[in-house]
Undergrad: 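Below you'll find the structure I mean.
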Amino acid sequence: MKKLLITICGRAGSKGFKNKNLKTFCEKPLVYYTLSAAGLFCKARPDLQVDICLNTDSDLLAELVAKKYPEVVFLPRGEELGGDTVPKMAVFQDCLRRMEEKNACTYDAVMDLDITSPLRTAKDVQNAVEMKERREDLDLVFSVTEARRNPYFNMVRDCGDHVEKVIESPFTARQQAPAIYDLNASIYVFRRDFLANNHTGILWDGKIGVTTMMDTGILDIDSEEDYRLMEVIAGHLYQNYPAFGEVRDHIRA
């Protein structure tokens with residue numbers, strides 16, 4: 001891998017959690033944590049040519065990023081990509097096409113870093129890219145956490161007048177069941193041609209690998225309660241795990 005495009009994508013507003021991409025997290029703008037992690041990754045990998053772009057229909061978000069990170073390329077999002085049902089892959093493809101046209105280049109890979117994942121370490125980012133580099137056969141690597149529930153052992157489904165295990169199995173202990181992961185939507189690393197040529201918007205069309213992140217570091221921020229809980233968790237992680245504090249401390253003053 002020689003050329004990498006990092007995408008940061010965020011819509012204006014949010015039905016589940018209003019203006020979540022503009023929130024302040026632990027006294028700093030939420031999006032700055034993602035930009036800080038990206039910056040630390042770039043320092044660790046000077047061998048890569050890395051471009052970063054922001055794809056959004058929020059002028060406020062664009063102004064917030066430009067204020068401290070002027071090197072990030074702003075890609076105004078068109079109305080056709082602003083709806084709730086638009087596959088996120090279509091936004092990634094839009095970033096790739098426009099950045100390749102702008103820079104007259106072809107990237108080897110595209111990595112998306114989600115704005116609502118402030119508790120992501122630089123090593124998490126590096127692990128995802130390195131896995132993709134090691135595995136040329138993979139179309140996509142994304143981040144996961146170890147699942148706290150396992151459908152082979154301790155998850156059930158409603159069958160009307162009773163419940164049954166989601167997957168019938170002979171296991172009597174959780175440790176016997178196959179490893180199960182939760183997708184956390186924090187990091188995606190696409191092989192360039194797989195992303196460019198996808199026509200369905202479905203990730204599962206490709207061959208996928210995963211890289212594991214600390215489960216307590218990632219929650220889906222879809223409500224005020226999620227957001228407040230994440231700040232509490234952040235306080236613990238900053239105090240006990242230097243890798244998380246490094247991202248916070250690297251945010252530009």
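Keep in mind that the numbers below use all heavy atoms, side chains included, and drop hydrogens, waters and symmetry copies.
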Undergrad: Using the ring of each side chain (for Trp, its six-membered ring), is Tyr33 parallel, tilted or perpendicular to Tyr238, with breaks at 30° and 60°?
TA: parallel
Undergrad: Give me the one residue out of Leu113, Leu4, Asp124 that meets side-chain contact (heavy atoms from CB on, under 4.5 Å) with Phe41.
TA: Leu4
Undergrad: With the side chain counted from C-beta on, respond yes when Cys26 and Arg248 share a heavy-atom pair under 4.5 Å apart, and no when they do not.
TA: no
Undergrad: Would you call Asp51 and Lys102 a side-chain contact if the rule is heavy atoms closer than 4.5 Å?
TA: no
Undergrad: Report yes or no: do Phe190 and Val91 belong to one cluster of Ile/Leu/Val/Met/Phe/Trp/Tyr joined by side chain heavy-atom distances under 4.5 Å?
TA: no
Undergrad: Is the shortest distance from a Lys or Arg side-chain nitrogen in Glu101 or Arg98 to a carboxylate oxygen in the other one below 4.0 Å?
TA: no
Undergrad: Does CD belonging to Gln175 count more than 12 external heavy atoms closer than 6.0 Å?
TA: yes
Undergrad: Going by the ring-ring contact (aromatic ring centres under 6.0 Å, His included) test, which pairs reach into residues 192-215, not counting sequence neighbours?
TA: Phe142-Trp204
Undergrad: Would you say Thr116 and Asn21 make side-chain contact, with heavy atoms under 4.5 Å?
TA: yes
Undergrad: Do Lys23 and Glu231 pass the salt bridge (charged side-chain N to carboxylate O under 4.0 Å, His left out) test, and can you show the C-alpha distance, the side-chain angles, and the key distance before you say yes or no?
TA: CA-CA 12 Å; Lys23 294 293 182 182; Glu231 287 194 311; over 6 Å; no
Undergrad: Kindly give the heavy-atom pair with the smallest separation between Thr7 and Cys95, and that separation in Å.
TA: CG2-CB, 3.6 Å
Undergrad: If Ile, Leu, Val, Met, Phe, Trp and Tyr residues are connected whenever their side-chain heavy atoms lie under 4.5 Å apart, and connections chain through other members, are Ile180 and Val141 in the same group?
TA: no
Undergrad: Quick test of your reading: applying salt bridge (Lys or Arg N to Asp or Glu O under 4.0 Å), list the pairs with at least one residue in residues 158-171, sequence neighbours left out, ordered by first then second residue.
TA: Arg157-Glu164
Undergrad: Quick check: do Met111 and Val125 have side-chain heavy atoms less than 4.5 Å from each other?
TA: yes
Undergrad: Side chains of Glu63 and Lys67: closer than 4.5 Å at any heavy-atom pair?
TA: no
Undergrad: Tell me whether the count of non-hydrogen atoms from other residues, nucleotides or ligands lying under 6.0 Å of CD in Glu27 goes above 12.
TA: no
Undergrad: Compare all side-chain heavy atoms of Phe171 with those of Pro178 and state whether any distance is below 4.5 angstrom.
TA: yes
Undergrad: Please find the pair of heavy atoms, one from Ala37 and one from Val247, that lie closest to each other, and give the distance.
TA: N-CG1, 4.0 Å
Undergrad: Thr34 and Arg120: side-chain donor and acceptor closer than 3.5 Å?
TA: yes
Undergrad: Could you pull out the closest heavy-atom pair between Asn150 and Ala177, with the gap in Å?
TA: ND2-CB, 3.6 Å
Undergrad: For the rings on Tyr32 and Phe25, is their centre-to-centre separation under 6.0 Å?
TA: no
Undergrad: What heavy-atom pair brings Phe153 and Ala173 nearest, and what distance separates the two atoms?
TA: CE1-N, 3.4 Å
Undergrad: Of the options Lys123, Glu246, Arg45, which is the one that meets Leu40 in a side-chain contact (heavy atoms from CB on, under 4.5 Å)?
TA: Glu246
Undergrad: Find out if a path of hydrophobic residues (ILVMFWY) with successive side-chain heavy-atom gaps under 4.5 Å connects Met213 to Leu229.
TA: yes
Undergrad: Answer yes or no: are there more than 12 heavy-atom neighbours, outside Arg149 itself, under 6.0 Å from its atom CZ?
TA: no
Undergrad: Can you list every pair that meets salt bridge (Lys or Arg N to Asp or Glu O under 4.0 Å) and has a residue in residues 172-184, with sequence neighbours left out?
TA: none
Undergrad: Where do Leu119 and Ala234 come nearest, in terms of heavy atoms and distance?
TA: CD2-CB, 3.7 Å
Undergrad: With rounding to the nearest 0.5 Å, note down the distance linking OG in Ser36 to OH in Tyr69.
TA: 5.0 Å
Undergrad: If you round to the nearest 0.5 Å, how far is CG of Asp139 from CG of Asn198?
TA: 9.5 Å
Undergrad: Same cluster or not: are Tyr241 and Ile251 linked, directly or through other Ile, Leu, Val, Met, Phe, Trp or Tyr residues, by side-chain heavy atoms under 4.5 angstrom apart?
TA: yes
Undergrad: Could you tell me whether the side chain of Cys9 reaches within less than 4.5 Å of the side chain of Arg77, counting heavy atoms only?
TA: yes
Undergrad: Looking only at heavy atoms, which two atoms of Leu203 and Tyr188 are closest? And how far apart?
TA: CD1-CE2, 3.7 Å
Undergrad: Is Val210 linked to Tyr152 within one hydrophobic cluster, defined over Ile, Leu, Val, Met, Phe, Trp and Tyr using a side-chain heavy-atom separation of less than 4.5 Å?
TA: no
Undergrad: Any non-hydrogen side-chain atom of Glu133 less than 4.5 Å from a side-chain atom of Leu48?
TA: yes
Undergrad: Testing the 3.5 Å rule here: is there a donor-acceptor pair between the side chains of Thr211 and Asn127?
TA: no
Undergrad: Do NZ/NE/NH1/NH2 and the carboxylate oxygens of Asp108 and Lys3 come within less than 4.0 Å?
TA: no
Undergrad: If you measure from the Lys or Arg side-chain nitrogens to the Asp or Glu carboxylate oxygens, is any gap between Lys88 and Asp114 under 4.0 Å?
TA: yes
